[in-house]
Amino acid sequence: FGASNWNVTQVMVLSAVNDNVDENDEVVSVSWLVSSVDVKYSSLNSLPLLSVSVVDDDVAGIFCGPSAITMVEGGRSNVSCVLRSEPTSSVVLSLSSLFGNVTFSTSSMTFVGSNWMSNQVVDVTAFSDMIDEDVSVDAISVSVSTQDSKYGSIVVSVIPVTVDDDDTAGLLVSESNVTVVEGGSSSSVSLVLRSEPLSEVTVNASWSGSQIASVPSFLVFGASNWNVTQLMVLSAVDDNVDEDDEVVSVSWLVSSVDV
């Protein structure tokens, strides 16, 4: 201001500095400093303060997705996370599996002021076994560790996981037709399970009549040998009766407490 414009109103525009930090709204006091060689003005020291209310437009938040995951055993998916505002200190997100049916390429993500807005991705792999079982369920939990009070109070929703089984219980038999001769050749049949059993499985050969015999009379498969082929030798019972050649149907009887 000078002699020519002292009585002309001038405007000063005040604006809030736009940052990305979630902060509480606050009131800032603005004081006016006057400098002049005019001692009447330079001595002004009791000018009223201006109160300025600063309203923050940032909201701390954590987004992790997807909202649910479905995989087959041995399959792979991923979880991505990102912050919604700049933290005042590092934010560490730790991933864990509730039931241990999935594993992670890394168990944690760290966000700081330079990368808070960038998605971080963790690969998720479904545990694979050889057991025929129902669909497995799990949940991925995300815990938050930080000195930032805004982020320290956030609870991230768990991500439900469904793991579809890819194993099928069954008995594989190597032959569908064999020929045995009384007093002559016998035939071997190879048997093996299609998946790992939860308890021992006993396999018996069954047929009507007394024309054939088997050695051994039964086979036992367990967790340690379910995928190891076992042999059952079928032979014709050698009698002294002249009979027509015939076809005998052999069925396989499976018994186990594994339903």
Side-chain angles (χ1 to χ4, degrees), residues 61-84 91-111 115-145 154-176 189-205 218-232 251-259:
I62 300 171
F63 173 78
C64 290
S67 58
I69 295 174
T70 298
M71 293 182 288
V72 69
E73 281 188 356
R76 178 175 292 183
S77 184
N78 60 67
V79 171
S80 64
C81 295
V82 67
L83 304 189
R84 296 190 180 279
V91 177
V92 179
L93 305 183
S94 298
L95 282 66
S96 61
S97 167
L98 185 60
F99 299 120
N101 291 322
V102 297
T103 57
F104 307 102
S105 58
T106 182
S107 60
S108 65
M109 311 175 189
T110 301
F111 294 90
N115 73 341
W116 65 270
M117 75 295 289
S118 300
N119 273 298
Q120 295 192 43
V121 180
V122 172
D123 290 333
V124 182
T125 303
F127 177 76
S128 180
D129 59 24
M130 303 302 293
I131 300 173
D132 182 5
E133 53 198 342
D134 295 330
V135 172
S136 301
V137 295
D138 207 334
I140 298 172
S141 63
V142 182
S143 61
V144 182
S145 177
I154 293 176
V155 177
V156 181
S157 299
V158 299
I159 301 173
V161 178
T162 301
V163 180
D164 294 327
D165 189 66
D166 62 351
D167 305 293
T168 302
L171 179 68
L172 293 175
V173 182
S174 64
E175 306 291 341
S176 59
V189 178
S190 301
L191 297 98
V192 68
L193 301 187
R194 294 173 61 94
S195 65
E196 181 181 344
L198 296 175
S199 60
E200 284 191 346
V201 176
T202 301
V203 180
N204 292 84
F218 62 89
L219 302 174
V220 177
F221 295 91
S224 63
N225 74 334
W226 66 270
N227 57 346
V228 178
T229 299
Q230 298 190 50
L231 297 179
M232 182 174 286
S251 57
W252 307 102
L253 304 181
V254 178
S255 59
S256 176
V257 296
D258 184 337
V259 297

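Atom set for the values below is all heavy atoms of this structure, side chains included, hydrogens, waters and symmetry mates excluded.
Among residues two or more places apart in sequence or in another chain, the side-chain contact (heavy atoms from CB on, under 4.5 Å) test is passed with Val142 by Cys64, Leu93, Leu95, Val156. Applying the side-chain hydrogen bond (donor to acceptor under 3.5 Å, both in side chains) test to Ser199 and every residue at least two apart in sequence or in another chain returns Ser256.
Annotation for Val203 and Trp252: closest pair CG1-CE3, 4.2 Å, computed over non-hydrogen atoms. When all heavy atoms are compared, the tightest approach of Val122 to Thr106 is CG1-O, 3.2 Å. The nearest pair of heavy atoms linking Ile62 to Arg84 is N-CG, 4.4 Å. What you find for Val173 and Val189 is that their closest heavy atoms are CG1-CG1, 3.4 Å. Pro197 and Val201 get closest at one heavy-atom pair: CB-CG2, 3.6 Å. Of all the heavy atoms in Met109 and Gln120, the pair that sits closest is CB-OE1, 3.5 Å.
For the atom pair CD (Glu200) and CG (Asn225), the distance works out to 8.5 Å, reported to the nearest 0.5 Å. Between Leu219 atom CG and Leu171 atom CG the span is 9.0 Å, to the nearest 0.5 Å. Expressed to the nearest 0.5 Å, how far CZ of Phe63 lies from OG of Ser80 amounts to 6.0 Å. Once rounded to the nearest 0.5 Å, the distance linking CD1 of Ile159 with OG of Ser77 reads 9.0 Å. Summarising the geometry, atom OG1 belonging to Thr202 is positioned 11.0 Å from atom CG belonging to Leu253; distances are rounded to the nearest 0.5 Å.
A 4.5 Å side-chain heavy-atom check between Glu73 and Asp165 finds at least one atom pair inside the cut-off. Contact of the Leu193 side chain with the Asn227 side chain is not registered, since no non-hydrogen atoms from C-beta on lie closer than 4.5 Å.
Using modelled atom types, no side-chain atom of Glu196 and backbone atom of Trp226 make a donor-acceptor pair closer than 3.5 Å.
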Taking distance alone, no hydrogens or angles, what donor-acceptor pairs closer than 3.5 Å link side-chain atoms of residues 124-138 to residues at least two apart or in another chain?
unit_1, atom_1, unit_2, atom_2, d
Asp129, OD1, Ile131, N, 3.2
Asp132, OD2, Ala169, N, 2.9
Asp138, OD1, Ser97, OG, 3.3
Asp138, OD1, Leu98, N, 3.1
Asp138, OD1, Phe99, N, 2.9
Asp138, OD2, Ser97, OG, 2.6
Asp138, OD2, Gly100, N, 3.4
Asp138, OD2, Asn101, N, 2.7

